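Contents: one structure, followed by commentary.
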Amino acid sequence: MPEAPKNIPEFDCCGGSVKIYDKNRKALQFIEEVTSNADEVQKQVLSEILSRSANVEYLQRYGLDGRTDRETFKKVVPVVTYEDLKPDIDRIANGDTSPILCSKPISEFLTSSGTSDGERKLMPTIEEELQRRSLLYSLLMPVMNQFVPGLDKGKGMYFLFIKSEAKTPGGLVARPVLTSYYKSSHFTDRPHDPYTNYTSPNETILCPEPYQSMYSQLLCGLYQNTKVIRVGAVFASGFIRAIKFLEKHWHLLCNDIRTGTIDPIVTDPTVREAVMKFLEPNPKLADFVEAECGKDSWRGIIIRLWPNTKYIDVIVTGTMSQYIPTLDYYSNGLPLVCTMYASSECYFGLNLNPLSEPSEVSYTLIPTMCYYEFLPVNRKNGFTGSFSKPVSLEEKENQDLVDLVDVQLGQEYELVVTTYAGLYRYRVGDILRVAGFKNKAPQFNFVCRKNVVLSIDSDKTDEVELQNAVKNAANHLMSFDATLNEYTSYADTSTIPGHYVLYWEISLSGETSIPPSIFEDCCLTVEESLNSVYRQGRVQDKSIGPLEIKIVESGTFDKLMDYALSQGASINQYKAPRCVKYAPIIKLLNSRVVANYFSPKCPKWVPGHKQWCT
Ligand code: AMP
């Protein structure tokens with residue numbers, strides 16, 4: 001992820017003219033200070049949030065009565081999920097400007113990739129949160145610079161995109177957090193800084209049309225190929241999508257480099273102008289790119305086209321780890337650097353050891369960002385495995401949450417946050433494991449997102465959504481006297497973009513065989529039934545490919561059970577898994593496929609919530 005362009009008041013005492021060396025030193029000093037005094041800082045953060053929010057309706061409802069101490073807060077304020085807050089959030093979305101959750105005006109909603117009732121969750125935010133996000137960004141390069149020197153001597157080729165935004169019925173903008181950040185002056189008006197020197201002009205990042213944005217960013221990246229010393233995107237899936245795009249469009253891009261023009265398919269005048277400002281004919285470079293892209297193998301293409309690249313800056317923790325082999329292939333094993341851990345609710349932390357192996361990556365939560373609590377998992381607390389929905393905590397359990405400095409090494413926790421923007425004891429839905437400590441502040445491995453069974457890009461499909469979608473689709477089989485006996489699913493990322501695969505075992509009692517068009521309808525019905533982040537990935541971002549149903553021979557799921565039992569599963573407790581990841585199981589399933597079908601078209605999707613369109 002790119003770093004904050006602005007100097008952060010907390011540690012910039014020189015009015016923005018400090019040298020890089022000083023800036024780096026101050027950033028590292030800031031990290032030392034806040035991690036050494038993590039508990040004191042957390043206490044202050046909570047007290048600040050609660051004293052500012054003394055008048056908010058939500059806290060008054062629980063009788064906090066203006067108190068700001070941890071003990072009372074934990075005693076009276078419940079731990080909640082999004083569903084608990086939804087009525088309050090809906091009021092804000094519908095235009096109620098009274099201080100419901102936060103005493104400061106809600107500036108916009110950040111639309112999370114986590115969903116509720118099939119729609120993106122709406123996270124209220126306030127203007128000052130942008131500064132907190134910038135603060136976290138501004139710490140990334142000083143940390144990185146300790147491990148990879150000379151990063152101020154070249155450019156970063158980052159593929160960054162904005163997504164569409166919508167307006168709530170009350171008139172607030174609703175958009176993803178990165179769209180909000182890239183459109184803010186914190187990003188667009190950043191002062192010149194060698195660490196925020198990107199190959200993509202702002203106009204190409206802010207172009208709302210995904211094809212034109214990607215095309216122009218690649219053109220600029222290729223044109224400045226020798227200046228590039230680091231490459232990246234937010235998530236691994238986005239970076240691989242860019243390489244795939246290059247594979248498809250390198251002829252056109254080379255033509256543009258050769259002639260110093262930009263293909264007419266890019267019609268956005270601001271993009272054209274920004275690119276044409278520096279693009280000049282460069283036949284030698286065009287020949288070079290053409291020769292490399294024209295070779296049979298694309299192994300190591302990143303290092304071949306951008307020979308000075310030192311690392312790839314992308315998140316490969318969590319579900320993104322499925323892309324590590326592809327990135328290794330395209331880069332000949334360049335270091336994969338995961339720099340930060342953040343969400344729409346709040347930005348949390350950064351990786352202080354950025355060259356660590358992806359499987360070892362841990363994030364240090366920065367104590368100034370919000371007030372953190374941790375719900376130990378593996379108990380009767382709503383997380384009993386990957387298939388459970390969160391349940392409300394009992395009163396006593398509300399108080400069992402652990403503070404930042406009290407977490408235990410090796411233990412797993414669900415993250416709960418209280419933010420400046422008006423979330424109180426909110427369950428983020430991420431499971432983290434304590435991997436170590438930086439001074440007093442814990443460092444966490446990202447374990448998983450609770451309940452998610454399938455994910456290709458930023459989509460997160462849980463088991464209940466999948467079950468409903470499959471049930472809707474299986475209705476198509478009824479008129480053929482066929483029933484769906486068993487199913488499971490798999491996120492197939494061997495193709496780019498990746499796609500969901502469903503394995504179906506059906507039994508047919510009728511005489512008529514089922515025509516392929518019916519199975520295609522089933523594929524589409526599943527897609528239509530999945531949440532809006534999935535459908536946006538299919539329709540707008542093209543980051544997810546058409547869903548596939550593979551019909552397997554009858555008896556396949558018995559074989560699956562035999563396999564599980566041979567691996568030690570208990571026969572009494574065995575349930576067919578609704579999602580599979582383990583290679584031998586996928587191999588077994590694939591060996592018994594008798595037919596496969598793809599969704600014939602994209603499902604429906606419109607920006608914003610479905611209720612807002614009517
Ligand atoms: P969103 O609210 O849509 O921005 O998504 C935030 C979620 O993305 C987090 O709650 C995590 O589940 C996931 N996420 C963010 N950063 C990371 C990371 N570094 N590693 C793994 N997952 C991450």
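Fair warning: this is a prediction, and the values are worked out from it, not measured in the lab. Start at 1 and go down the list; that is how both ligands and their atoms are numbered.
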**OP:** Any atoms of ligand 1 less than 4.0 Å from a non-hydrogen atom of Y363? List them with their elements.
**Re:** 18 (C), 19 (N), 20 (N)

**OP:** State if M340 counts as touching ligand 1 under the rule of any non-hydrogen atom under 4.0 Å.
**Re:** yes

Original post:
By number and element, which atoms of ligand 1 are closer than 4.0 Å to a non-hydrogen atom of R449?
Top reply: 7 (C), 9 (C), 10 (O), 12 (O)

Subject >> Face-on cation placement of R52 at Y420 ring, 6.0 Å and 45° thresholds >> reply: no

**OP:** Just go through S344, C346, G114 and tell me whose heavy atom is the nearest to atom 1 (P) of ligand 1.
**Re:** S344

**OP:** Please say whether the positively charged group of R241, taken as NZ for Lys or CZ for Arg, lies over the ring of F239, i.e. under 6.0 angstrom from the six-membered ring centre and within 45 degrees of the axis.
**Re:** no

Subject >> D84 side chain near Y426 side chain, heavy-atom distance below 4.5 Å >> reply: no

Subject >> Which segment of T317 sits under 4.0 Å of ligand 1 when only heavy atoms are counted >> reply: both

Subject >> Candidates K460, R120, R449 - the one meeting side chain to side chain donor-acceptor pair (under 3.5 Å) with S113 >> reply: K460

**OP:** Using only heavy-atom distances, determine whether the side chains of T125 and R133 contain a donor-acceptor pair under 3.5 Å.
**Re:** yes

Original post:
Considering only heavy atoms, does M123 approach ligand 1 within less than 4.0 Å through its side chain, its backbone, both, or neither?
Top reply: neither

Original post:
Looking only at non-hydrogen atoms, which of S112, A342, P358 approaches atom 14 (N) of ligand 1 most closely?
Top reply: A342

Original post:
Relative to the ring of Y181, is the ring of H186 parallel (under 30°), tilted (30 to 60°) or perpendicular (over 60°)?
Top reply: tilted

Original post:
Under 3.5 Å, N or O to N or O, is D430 touching ligand 1 that way?
Top reply: yes

**OP:** Verify the neighbour count for atom CD of E127: are there more than 12 heavy atoms of other residues, nucleotides or ligands below 6.0 Å?
**Re:** no

Original post:
Atoms of ligand 1 less than 4.0 Å from S113 heavy atoms?
Top reply: 1 (P), 3 (O), 5 (O)

Subject >> Contacting atoms of ligand 1, where contact means under 4.0 angstrom from a heavy atom of Y341 >> reply: 15 (C), 16 (N), 17 (C), 19 (N)

